[in-house]
Structure formats: C-alpha cells, structure tokens
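All remarks here apply to the structure that follows.
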Amino acid sequence: MTAQIIDGKALADELRQSFKARVEALAAKGHRPGLVVILVGADPASEVYVRNKVNGCLAIGMHSEKITYEATVDQETVLAKIAELNADPNIHGILVQLPLPRHFDEEKVLEAIAADKDVDGFHAENVGALAQGNPRFIPCTPYGVMKMFEKGGVDLTGQEAVVIGRSNIVGKPMALLLINAGATVTVCNSRTRDLKFHTRRADILVAAIGKPKFVTADMVKPGAVVIDVGINRLPDGKLCGDVDFAGCLEVAGQITPVPGGVGPMTITMLLANTIEAAERKAGL
Ligand code: GUN
C-alpha cells in the first residue's frame, strides 16, 4: 500500500488565504496585526526561517519587522528591546528566534515577553495553560500538526501516539496536545531503549528528533499516520526530514513530505497566533 501524502503546503496556502479577511477587519478598526521577530547572531538556517516569518506576515497584509543583533550583544540590550515591544500597542506578537548564543539565559528571555504577546507559546504561563488543557497560545509547529490531523479527518481519541523528541519547541507541546485530544501518548527520545518496540505500536507517529531519515520503514506500523517534523540539510544541500520518506511511504497510511509538509504549517500557525493576539486586544 502506498500512503496518502498530507500536503502541508496546500493546507497552509488555504489557511493563509482565509486569514486575509481577518487581517483586513482588524486593520479597518485600527488594529493591523503586527509581529516583531528578534534574531541574535547570523545562523544561516535561522536567517531563512526569520525571513520567511516576516514575509509570511507581509503577504497577508500584516505588519512585521525583523530586529537583528550581533551574536555578541549583551542580554540586557535584548531584554530592554523586549520591554519596549511589550509596551508598544501596534505590536501584537513578539518572537525571539531560537537558539540564542550561549551567553544568553534562554528561559529569562522567553519569560520577558508579555504572555499575551507570546505568539510562540513558550512563556511558562502559556505552557502551563496548555498543560491544563486550556491553551491560550499553542506552539506553532505542534499546532500546525494538529491542524493537519483535523484536515485529514484523523480522530485521535483512543489512538496510540508516539512522539520521538522531547524538546520544548515540538516534542513536549506535541505530547500535551495529543493527550488533550484523548490519545494514549508515549514520548521517546534518542536514548529510549528499543525505540522500535514503541514506534511499531504507534497509530500516530511524530518524528521530531533532528536526525536525517532516522525513522525507517521497519519502525512503522502498517497504516500509521507518520508526521515528519525534521528539517535537515544533507551534504548535497537538499532538505530531508527525520523520516525515510521513500521507505515509509510504502508502509504508512498517511505521511507528510519534507519539504512541503509540516514546515509551511509552522509559519501559518504563527500568523494565526498573531492575528488571534490582535483580535483579543481589539476585543473581538
Ligand atoms: N527555532 C526553531 N523553531 C522555532 C520556533 O518555532 N520558534 C522560535 N522562536 N525559534 C525556533
């Protein structure tokens, strides 16, 4: 059996089109949604992500700007900028691109962002709300994955879900969302003993481990829904996911490609969160 491919690009385009009317309605009331993205240092991958975030906003009529700092900037300068943006009524979302240089205290920086402008959903208050099953801002990548399940008619209730990866950005919030949706959730990591034992039981398998083609066909339960969150650059410059797509395509029931799967959905949900922040501010 060849799996059905979940087209994240098409879903992202459809959602972004639908956001335009919300943006214009807000703009007409003087609340054009605005996102600031802060980039510290010149990591090439981060530069691409940040450019795509800003352009994604501009393409649907939102306001967006990038603020860049040298990698050597001191933390106080960035914290002062965040305080200024917290108080700026024209800015509804603030995102600090991760990772930060090593001399930064990442937690302190993320906690400095006002919780009602934390469109990444990384502030402890927002993480707590998600853990309690009452989310305010959902981290963009797992939020995008949930939208893909919704679009694909995947009912998560009672399903065995396995997440490979336990990061704050993807693995942990993904697990919380799956728990909240009624799945039976196992969170694995690179040191899990007999990983295959777990993955082969999964009706839903989410790979977010950052290792190219790590999930092979023998690790996948026939008919499973396989979600590939990885974006890895191969020596030849091509992108590939954490899943061996060609192999798993023959075993899975549904599968996301890389590129064109989860990636476009991440920025789409960032736009959704920023629009929602602006709507809350406008009392809509
Ligand atoms: N770095 C990799 N993914 C993300 C993300 O979703 N948000 C931020 N702020 N940084 C990231």
Side-chain angles (χ1 to χ4, degrees), residues 16 19 22-23 26-27 30-43 45-71 73-101 103-130 135-144 167-170 172-173 265-284:
R16 290 186 203 201
F19 293 162
R22 288 167 68 191
V23 171
L26 281 159
H31 299 281
R32 186 174 296 281
L35 172 74
V36 170
V37 185
I38 297 175
L39 174 64
V40 184
D43 175 66
S46 290
E47 280 183 340
V48 174
Y49 295 143
V50 166
R51 188 166 59 237
N52 289 341
K53 287 171 184 179
V54 171
N55 288 342
C57 288
L58 299 178
I60 60 165
M62 291 168 58
H63 168 74
S64 186
E65 57 195 279
K66 174 177 87 165
I67 299 175
T68 51
Y69 294 101
E70 300 274 335
V73 71
D74 62 288
Q75 179 164 292
E76 292 312 313
T77 303
V78 176
L79 291 177
K81 176 53 76 177
I82 291 172
E84 186 188 314
L85 295 166
N86 282 342
D88 185 339
N90 295 316
I91 299 304
H92 306 91
I94 303 166
L95 180 151
V96 176
Q97 186 67 24
L98 303 176
L100 286 165
H103 66 281
F104 275 78
D105 177 345
E106 194 170 287
E107 193 182 323
K108 189 159 183 198
V109 172
L110 296 177
E111 294 306 300
I113 298 170
D116 60 355
K117 295 191 178 189
D118 168 39
V119 287
D120 252 331
F122 294 164
H123 190 289
E125 226 175 89
N126 289 319
V127 177
L130 173 62
R136 293 182 207 142
F137 288 116
I138 301 173
C140 304
T141 299
Y143 192 7
S167 70
N168 290 337
I169 296 180
V170 182
K172 276 187 222 165
M265 288 301 293
T266 295
I267 296 180
T268 303
M269 302 327 291
L270 173 66
L271 306 180
N273 280 346
T274 308
I275 294 167
E276 194 160 329
E279 287 173 343
R280 284 181 203 156
K281 168 100 188 308
L284 295 175

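For clarity, every value in this text was computed on a predicted model and none was experimentally measured.
Closest non-hydrogen pair, His92 versus Pro33, comes out as ND1-CA, 3.5 Å. Contact record, Glu279 with Leu26: CG-CD1, 3.7 Å, taken as the closest heavy-atom pair. Residue Thr268 comes nearest to Phe19 through the heavy atom pair O-CE1, 3.4 Å, listed as atom of the first residue, atom of the second, then distance. The nearest pair of heavy atoms linking Gly34 to Thr274 is O-CG2, 3.8 Å. In plain terms, the two heavy atoms of Ala282 and His31 that are nearest each other are CB-CD2, 3.5 Å. Scanning all heavy atoms of the two residues, the minimum distance from Ser46 to Pro99 falls at OG-CD, 4.3 Å.
Taken from CZ in Arg136 to CD in Glu125, the straight-line distance is 5.5 Å, to the nearest 0.5 Å. Atom CD1 of Ile82 sits about 7.0 Å away from atom CD1 of Ile94, to the nearest 0.5 Å. With values rounded to the nearest 0.5 angstrom, Leu284 atom CG is found 10.0 Å from Arg22 atom CZ. In this structure, the separation between CD1 on Ile113 and CZ on Phe122 is 9.5 Å, given to the nearest 0.5 Å. Between the NZ atom in Lys53 and the CG atom in Leu271 there is a gap of 10.5 Å [rounded to 0.5 Å]. From Leu95, atom CG reaches atom CD1 of Ile67 across 11.5 Å, with rounding to the nearest 0.5 Å.
Under a 3.5 Å cut-off, the side chain of Asn273 and the backbone N or O of Phe137 do not form any donor-acceptor pair. Put simply, the side chain of Arg32 gets close to the backbone of Gly61: a donor and an acceptor are under 3.5 Å apart. Remark: side-chain polar atoms of Lys281 are paired, donor with acceptor, to backbone N or O of Pro89 under 3.5 angstrom. Gln75 places a side-chain N or O within 3.5 Å of a backbone atom of Asp105 that can act as its donor or acceptor partner. Judged purely by atom type and a 3.5 angstrom limit, Thr266 has no side-chain atom pairing as donor or acceptor with the backbone of Cys140. For the pair Lys117 (side chain) and Leu85 (backbone), a donor-acceptor distance under 3.5 Å is present. Using modelled atom types, one side-chain atom of His103 and one backbone atom of Val73 make a donor-acceptor pair closer than 3.5 Å.
In this structure the side chain of Ile138 never reaches within 4.5 angstrom of the side chain of Met269, judged on heavy atoms. Side-chain contact between His63 and Ile91: present, with at least one pair of heavy atoms (C-beta onward) separated by less than 4.5 Å. Residues Ile275 and Ile60 are in side-chain contact: their nearest non-hydrogen atoms beyond the backbone lie under 4.5 Å apart.
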Quick one: do Glu47 and Arg51 satisfy salt bridge (charged side-chain N to carboxylate O under 4.0 Å, His left out)? Show the steps, please.
CA-CA 6 Å; Glu47 280 183 340; Arg51 188 166 59 237; over 6 Å; no
The test is side chain to side chain contact (heavy atoms under 4.5 Å, CB included); show your working for Lys81 and Tyr69 and say whether it passes.
CA-CA 11 Å; Lys81 176 53 76 177; Tyr69 294 101; 3.2 Å; yes
Derivation of the side chain to side chain contact (heavy atoms under 4.5 Å, CB included) call for Glu76 and Leu79:
CA-CA 5 Å; Glu76 292 312 313; Leu79 291 177; 3.9 Å; yes
Asp120/Leu98 under side chain to side chain contact (heavy atoms under 4.5 Å, CB included): CA gap, chis, key distance, verdict
CA-CA 11 Å; Asp120 252 331; Leu98 303 176; 5.8 Å; no
Run the side chain to side chain contact (heavy atoms under 4.5 Å, CB included) test on Leu270 and Tyr143 for me, step by step, so that the C-alpha distance in whole Å, both residues' side-chain angles and the decisive distance to 0.1 Å come before the verdict.
CA-CA 9 Å; Leu270 173 66; Tyr143 192 7; over 6 Å; no
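Under 4.0 Å is where a charged nitrogen must lie from a carboxylate oxygen, and between Glu111 and Lys108 no such pair does.
The environment of CD in Glu107 is sparse: at most 12 heavy-atom neighbours from other residues, nucleotides or ligands sit within 6.0 Å.
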